[in-house]
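For reference, positions follow the sequence shown, starting with 1.
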Amino acid sequence: MTDALSLASRCAQSLFSRDQASQAMGMRLLSSGPGTARVGMSVRDDMLQGHGTCHGGFLFALADSAFALACNSYNDATVAIGCSIDYIAPAQLNDTLTADCREQSRSGRTGNYDVRIENQHGQLIALFHGKSYKVRGTVLAQEPQV
């Protein structure tokens, strides 16, 4: 495992272990790498809105969690300064969703990340774009910045 991959993995695991909100929604960290993250979540009955499909807020939260893990993968404390989402198709009860985040650019203090949410059949459910901003500090407090 390369140093960059190892660092990204440690950052994702550390950040996710402290993320009570994502864990309460049943999210699972599937994989991580420099500027990338995959997060899974199954649609439960308490996630359904009045039309019987997954509430968009849960889809946004899933994408946002993958975005957070990807943009914090360099051990720089990073937050969102803007996000948007396009809902493409409804997610149904018991769907297994995967949010796949990929870094598009990172320069200075900002970065741009795109997230695709797909169901277990590979159907596109939503597209999310997030812009990150590097703040003071690190994800792994015990390690120096790289």
d(Phe58 CZ, Gln49 CD) to nearest 0.5 Å is 10.5 Å
Distance-only, no hydrogens or angles: does the Ser65 side chain make a donor-acceptor pair with backbone N or O of Ala61 under 3.5 Å?
yes
Euclidean distance, Asn112 CG relative to Glu103 CD, rounded to 0.5 Å:
9.0 Å
Verify, without hydrogens or angle tests, whether Asp19 (side chain) and Leu15 (backbone) share a donor-acceptor contact under 3.5 angstrom.
no
Single hit among His121, Gln123, Gln120 for side chain to side chain donor-acceptor pair (under 3.5 Å) with Asp95:
Gln120
Got a second to check how far Ser42's OG is from Asn119's CG, nearest 0.5 Å?
11.5 Å
Interatomic distance, Asp86 atom CG to Leu127 atom CG [nearest 0.5 angstrom]
6.0 Å
Short side-chain donor-acceptor distance under 3.5 Å, Thr78 and Ser132:
no
Taking the side chain as everything from C-beta on, heavy atoms only, tell me whether Met47 gets closer than 4.5 Å to His55.
no
Hey, are the side chains of Leu69 and Cys101 touching, using non-hydrogen atoms and a 4.5 Å cut-off?
no
Let me see the working for Gln92 and Val43 under side-chain contact (heavy atoms from CB on, under 4.5 Å), right down to the final yes or no.
CA-CA 7 Å; Gln92 307 294 332; Val43 178; over 6 Å; no
In the structure I gave you, are the side-chain heavy atoms of Arg18 and Val139 within less than 4.5 Å of one another anywhere?
yes
Given Arg102, Gln104, Arg106, the one that forms side-chain contact (heavy atoms from CB on, under 4.5 Å) with Tyr113
Arg106
What class does the angle between the rings of Phe60 and Phe128 fall in, given that below 30° is parallel, 30 to 60° is tilted and above 60° is perpendicular?
perpendicular
CZ of Phe16 to CZ of Arg28: how many Å apart, nearest 0.5 Å?
9.0 Å
Is the closest side-chain heavy-atom distance between Leu7 and Cys11 below 4.5 Å?
yes
Ser14 side chain near Leu140 side chain, heavy-atom distance below 4.5 Å:
yes
Report yes or no: does Arg109 contribute a side-chain atom to a donor-acceptor pair with the main-chain N or O of Tyr133 at less than 3.5 Å?
no
Let me know which of Leu97, Ile88, Thr98, Thr53 forms a side-chain contact (heavy atoms from CB on, under 4.5 Å) with Ile125.
Leu97
Find the distance between OG (Ser32) and CZ (Arg10) and round it off to the nearest 0.5 Å.
11.0 Å
